[in-house]
Undergrad: 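Handing you a structure now.
First listed ligand is number 1; within each ligand, the first listed atom is number 1.
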Amino acid sequence: MTGHFTTEAIVLNSIDYGESDRIVTFYTLGFGKVKGIAKGAKNSRKRFVNNLEPFSYIKLLIFQKENRELFIIEQADIMGRFDKLMFDIERLAFGSYCLELLNEMTPEGQRNLKVFELLVKFLIMLNEGANIKTVVTVFEMKLLSLLGYYPHLDACVSCKNVPISRNRIFFSSAKSGIVCYSCKGSEISLMPVSPGAIEFLTLAAKTDIEKADRISMPDWASEECENIMGDFLRYQLGKELKSKKFLNKLQAMTERQEAIGKTHSP
Ligand SMILES: [Zn+2]
């Protein structure tokens, strides 16, 4: 692939490179995930304004020389910004987590229209005030499904039976699905899960992201879903995402503040 290309893109990540350049990772409509270099972007802010910051929705003009992995970013015109995220630290933190997750899970140069569409719709929903936990769960489940990592949630991964006593099921990140009580044996690393949480995950995968707000997930279910998905994604990626670590700290801080608030209220 050589020559000039234009495509719509969302900026996933942007880092300084050398004296004056920036290396930017995009998820594009035309080519999936790509990396490009913006020459002189650090010094000449005029040329790219802030259009190469994460969350920017842009029209990109890129150039590729023969046998070069990095694209050269020639132009980036803004198509949309998700500005409200910048004024809400919780939304921003969850949004950053989803950008990092997508970046880690997708290979470079593999076009996937549905993934692009999911990302844009997710950012619109998050920016417009959708319930954070539900829209993030829908994003995670749909992304896993589109990329072929969707866990088996309808029957036990070992014996293939649909557990009869659905209140004694476990989740195995290593086996990528649920395990029934008889197959669990002495394995202690498996997480007990409630049938309700599994139903929410299944529902999240089937729901259009624009309709995420129609799912009403009680706190206990969203907590369980978050634990299962957290463990599963950590296993799949082989590490904890940086944005996830930040998110955990932020949540712990919020809980502490709420607890302090409660003890001080009459
Ligand atoms: Zn089984």
Side-chain angles (χ1 to χ4, degrees), residues 94 97-98 100-107 110 112 114-115 117-119 121-122 131-245 247-248 251-252 255:
F94 272 100
Y97 158 73
C98 289
E100 192 185 358
L101 179 66
L102 181 86
N103 190 4
E104 289 291 333
M105 295 207 74
T106 49
Q110 249 178 51
N112 191 327
K114 288 195 169 160
V115 169
E117 201 181 88
L118 176 70
L119 177 62
K121 285 180 179 172
F122 163 72
N131 181 290
I132 301 177
K133 297 279 172 78
T134 355
V135 79
V136 168
T137 308
V138 172
F139 176 81
E140 287 173 329
M141 295 310 284
K142 295 193 96 66
L143 184 67
L144 288 175
S145 166
L146 290 171
L147 298 174
Y149 293 100
Y150 189 70
H152 302 275
L153 299 176
D154 45 358
C156 170
V157 285
S158 297
C159 67
K160 315 286 177 226
N161 288 330
V162 177
I164 299 167
S165 159
R166 295 210 64 172
N167 54 353
R168 304 195 86 179
I169 50 176
F170 300 83
F171 186 82
S172 164
S173 293
K175 289 182 178 151
S176 184
I178 57 166
V179 175
C180 72
Y181 184 72
S182 356
C183 293
K184 179 191 171 268
S186 57
E187 240 187 283
I188 48 163
S189 66
L190 304 186
M191 285 182 289
V193 287
S194 59
I198 296 296
E199 273 163 34
F200 276 113
L201 290 178
T202 312
L203 182 65
K206 284 185 195 150
T207 303
D208 291 336
I209 196 142
E210 304 98 303
K211 294 175 185 158
D213 267 348
R214 293 192 193 167
I215 305 176
S216 102
M217 204 160 46
D219 285 349
W220 64 264
S222 83
E223 204 173 303
E224 259 193 61
C225 292
E226 215 179 315
N227 289 340
I228 298 169
M229 292 312 290
D231 193 78
F232 182 60
L233 292 169
R234 203 177 308 121
Y235 183 87
Q236 292 293 337
L237 299 166
K239 63 176 177 187
E240 185 84 282
L241 298 179
K242 277 187 223 146
S243 54
K244 179 74 178 161
K245 284 185 202 159
L247 205 51
N248 293 344
Q251 281 179 317
E255 277 162 28

Undergrad: Which value, rounded to the nearest 0.5 Å, describes the distance between Glu117 atom CD and Leu146 atom CG?
TA: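 CG of Leu146 is found 9.5 Å from CD of Glu117.
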Undergrad: Answer whether the closest heavy-atom distance between the side chains of Cys159 and Cys180 falls below 4.5 Å.
TA: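 Result yes, sub-4.5 Å side-chain heavy-atom pair found.
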Undergrad: Nearest 0.5 Å, please: how far is CZ in Phe200 from CH2 in Trp220?
TA: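 Answer rounded to 0.5 Å: 6.0 Å.
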Undergrad: Does Gln236 have any side-chain hydrogen bond (donor to acceptor under 3.5 Å, both in side chains) partners at least two apart in sequence or in another chain, and if so, which?
TA: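 Listed in chain order: nothing, the list is empty.
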Undergrad: If waters are left out, how many protein N/O/S atoms lie within less than 2.8 Å of the Zn ion (ligand 1)?
TA: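 N, O or S atoms of the protein closer than 2.8 Å: 4.
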Undergrad: Salt-bridged, Glu240 to Lys245, with N to O below 4.0 Å?
TA: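 No, no charged N to carboxylate O under 4.0 Å.
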Undergrad: Does Lys242 come within less than 4.0 Å of Glu104, counting only side-chain N to carboxylate O?
TA: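 Between Glu104 and Lys242 there is no salt bridge, as every charged N stays at least 4.0 Å from the carboxylate O atoms.
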